[in-house]
There are 2 protein chains.
Amino acid sequence: MNLTFRQLKVFEAVARHLNYTNAAKELHLSQPAVSMQIKQLEEQTNTPLIEKLGKKLYLTEVGLEMQDYARSTMQQLVDLEETIDQMKSMKRGHLKLAVASTANHFVIRLLARFAKFYPKISISLDVTNRSSLLDLLEKNECDLVIMGSPPEGHNLQSAPFLENPLVIVSHPHHYLADREHVSLQEIANEEFVVREQGSGTRSAAERFFTEHELEFKTKMDMSNNRAIKHAAEEGLGLAIVSLHTLELELKAKTLKIIAAEGFPIYRNWYVVQREGKRLSPIAMVFNDYIMQEAGQLMKDFDLPLFKSVNV
Amino acid sequence: MNLTFRQLKVFEAVARHLNYTNAAKELHLSQPAVSMQIKQLEEQTNTPLIEKLGKKLYLTEVGLEMQDYARSTMQQLVDLEETIDQMKSMKRGHLKLAVASTANHFVIRLLARFAKFYPKISISLDVTNRSSLLDLLEKNECDLVIMGSPPEGHNLQSAPFLENPLVIVSHPHHYLADREHVSLQEIANEEFVVREQGSGTRSAAERFFTEHELEFKTKMDMSNNRAIKHAAEEGLGLAIVSLHTLELELKAKTLKIIAAEGFPIYRNWYVVQREGKRLSPIAMVFNDYIMQEAGQLMKDFDLPLFKSVNV
DNA sequence: ATAATACATAAGAAATACCTTATGGTAAAC
DNA sequence: GTTTACCATAAGGTATTTCTTATGTATTAT
């Protein structure tokens, strides 16, 4: 059985009118065209669907069944079209993001704003480590990834969208904590708690010290940003971290930013996607959104000391 | 949007394999044929459904939606086919009958047997009066009608399928009730309770008396067969009724058949349908069934005195 | 009886659907 | 680097679909 949507459409009209001529008018067709479609449908099903008694038309039992089927199928088609339209116009859809754990906090703030504009869009946010992020991209299991240091040569495409100021923090009673200016040399005399080798933050810090021909004294390294901050709080050393991860600690005054010369170091946050990936409409919009709005939005958020540090 | 079932079928295969070449093999097509169907589907929806990243294929969000749609639509088509097949093979369907109230009792017995052969077939039986029967046929609201005297010239087609013996009954203590032979003249001396003018039974009775040049003395006429029998039970007169309506009364011995000369008068039960009506498979089978089997079946039923009357 | 109405059928033409083979391009595997 | 696997694209042809106009036929209404 090889029906066509055309046959169903015509049949539905005839079944509704119980009159070929009127159905033909509705469909802007000639009457024989309608007759033929019905005839073909009857040939397909190999059973009469409509019977003519005198001048009136009646649906046979199978005809009634066919009417049900035609209506439901056509309704489904309408539904599909609507769903697709909604997806296109982003009234519906799903945005799959993944972020580096260091970016988690500020990305959630960005997302909160973004989500308000697209109430019917569902969002999934995977907060995970660097290698998992690359894995997700590889498997095409997410639309976009936000991270601090995209790798090279994995068929990835990345774009910086926001400055990522790295600052030096200490516990509030550190002797450098309240100073208005701390020289490079004074910094170099301190010991640091740092991220593991290979981390973007670690690399940036090392580059900074190398460029200024200073020694970078690392006391401990840890693979977790939160652990580093905690170590600094406990006075195990100074820490170099992204300002964007510090909101809570600054509010709670468990850490203080040191007014170190040459700081903050500016790195970037990147949006990363697979090369060649055709973004879904909503992913494209989100991409545009953060590229254009992230800077402004971050300023709107109440990051204390941002300005003073930024001098 | 003007999809084709072909496009959906091909898309479904591709979505399942996530591989054009394998889908093509499954469908016994060349690979470009598959490419083209997908491309056309994407043109119809005006949105990508499948994306190729590296060597792997992925469904887009809309593609996933389309996959759902394709599967459900194709499943519905399978269901439709099955339903139609079942209707054709009479594993399903509906038989709409209407019978004259006088025929009710014996038709139900016929139906009970018939229904056993077609357990999934539902049957509706409308028991109503003559004019309503014609109305039902006119409006094509039933497949077949069973009645005693089909009218002429209503674009109806009728076929006798069973003898309808009319007998004379009286209450059990009537002085003719136990006689082994009652002459025509003795009958003609009696008074009768009869159906209204125009009724088939009435006409047949009148014809009988006219043919034998006897007077037909009618005391009362009633439009309801049951009322007539009741009148006879109460001794208001003799009654001429179809043997097939008497089963209960004979069993209960509230009426007795009189062994009148020339009786029973043989009339017929008819199956009536609209001229030109294409019977549904099940209606056709039922029609054949009663045409061929009704006589035998009626003999199987325990109609006491049938044989003796029939001598 | 005649006209009017409505569906069926036939013939022909245009569009389009659909498939094949041949070929090109790209990513991954060796 | 070469090969392999796999999809895209092009060209070309056939079959099918789908429509129209013209005409036939049956039923109903006048």
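To find a chain, count down the sequence lines: A is the first, B the second, and so on, and within it residues start at 1.
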Please state whether the rings of Tyr289(B) and Phe114(B) are parallel, tilted or perpendicular, taking 30° and 60° as the class boundaries. tilted

Round to a whole Å and report the spacing from [atom1] of [X] to [atom2] of [N].
| X | N | atom1 | atom2 | value |
| --- | --- | --- | --- | --- |
| Leu53(B) | dC6(D) | CG | P | 17 Å |
| Glu275(A) | dA27(C) | CD | P | 8 Å |
| Leu3(B) | dT16(C) | CG | P | 17 Å |
| Tyr58(A) | dT27(D) | OH | C1' | 13 Å |
| Gln31(A) | dC19(D) | CD | P | 13 Å |
| Lys39(B) | dC6(D) | NZ | P | 22 Å |
| Lys56(A) | dA6(C) | NZ | C1' | 14 Å |
| Met36(A) | dA11(C) | CE | C1' | 10 Å |

Please lay out, stage by stage, how Ser72(A) and Gln76(B) fare under the test side-chain hydrogen bond (donor to acceptor under 3.5 Å, both in side chains). CA-CA 9 Å; Ser72(A) 118; Gln76(B) 274 186 284; 2.5 Å; yes

With a 4.0 Å cutoff (strictly under), does any side-chain N or O of [X] reach OP1 or OP2 of [N]?
| X | N | result |
| --- | --- | --- |
| Asn19(B) | dC7(D) | yes |
| Ser35(B) | dA8(D) | yes |
| Gln37(B) | dC18(C) | yes |
| Ser30(A) | dT20(D) | yes |

Suppose we call two aromatic rings close when their centres sit under 6.0 Å apart. Are Tyr270(A) and Phe161(A) close by that rule? no

The residue, Lys55(B) or Ala33(B), whose nearest nucleotide of DNA chain C is more 5′ is Ala33(B)

Distance-only donor-acceptor test (3.5 Å): side chain Gln40(B), base dA17(C): no

Determine whether the side chains of His17(A) and Glu26(A) contain a donor N or O and an acceptor N or O closer than 3.5 Å. yes

Assign each of Leu29(A) and Lys52(A) to its nearest nucleotide of DNA chain D by heavy atoms, then name whichever residue's nucleotide is nearer the 5' end. Leu29(A)

Hey, which sits more toward the 5' end of DNA chain D by its nearest nucleotide, Tyr20(B) or Pro32(A)? Tyr20(B)

Expected output: side-chain Thr73(A) to main-chain Ala70(A) donor-acceptor under 3.5 Å: no

Look at all strands and tell whether Thr21(B) reaches a base, only sugar-phosphate, or nothing, counting heavy atoms closer than 4.0 Å. sugar-phosphate

